[in-house]
Amino acid sequence: MNEFEQMYREVILDHYKNPRGHGVLEHADAEAEGQNPLCGDEVSIYVAFGDDGETIDEVKFSGRGCAISQAATSMLTEMVQGLKCAMLGLTTLKVALHKAKGTPLPQGLAGFDELELT
């Protein structure tokens, strides 16, 4: 194992053992649950927006599962907090996948089907 791989493993294990943003926001502005039925991993995300209604003021998560799913969610909470449009890339990916499959967009993404995705 090279030095980069070792560092990657250490970061994943650190986030798994000491998750950032772990907990529940009692009065969240948005929340959702996700599950992977193949492995049983579960995650719930809670978001509180700032006064502008766009900036993510606080984000928390709860759940259980493998080190990768929990560590990745922990890292996500650190990256998106305080950023505007933090979910633009993920939202655009969802739209692209739904367009490619010809499936309707999930509730909350109405209007995004007008995006020019190539």
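This one's a predicted model, so the numbers in the text were calculated from it and none came from an experiment.
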Shared ILVMFWY cluster between [X] and [Y], side chains joined below 4.5 angstrom?
| X | Y | result |
| --- | --- | --- |
| Val11 | Ile68 | yes |
| Tyr16 | Met75 | no |
| Val59 | Met79 | yes |

4.5 Å side-chain heavy-atom contact, [X] and [Y]:
| X | Y | result |
| --- | --- | --- |
| His22 | Lys60 | no |
| Val47 | Leu25 | no |
| Gln70 | Phe61 | yes |

Greater than 12 external heavy atoms within 6.0 Å of [X]'s [atom1]:
| X | atom1 | result |
| --- | --- | --- |
| Glu5 | CD | yes |
| Gln6 | CD | yes |
| Asp51 | CG | no |

Discussion item. Could you check whether any side-chain N or O of Asn36 sits under 3.5 Å from a backbone N or O of Asp41, counting only pairs where one atom can act as donor and the other as acceptor?
Written reply: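 No, the answer is negative, given that no donor and acceptor are paired below the 3.5 Å cut-off.
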
Worksheet item: When you measure from the side chain of Ser74 to the backbone N and O of Arg20, does any donor-acceptor pair fall under 3.5 Å?
Response: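 Yes.
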
Worksheet item: Do NZ/NE/NH1/NH2 and the carboxylate oxygens of Asp14 and Arg9 come within less than 4.0 Å?
Response: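 Here Asp14 does not pair with Arg9 in a salt bridge, since their nearest N and O are not under 4.0 Å apart.
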
Discussion item. Out of the candidates Val80, Thr77, Asp29, only one should pair with Ile56 under the side-chain contact (heavy atoms from CB on, under 4.5 Å) rule; please name it.
Written reply: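 Between Ile56 and the candidates, side-chain contact (heavy atoms from CB on, under 4.5 Å) is satisfied uniquely by Val80.
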
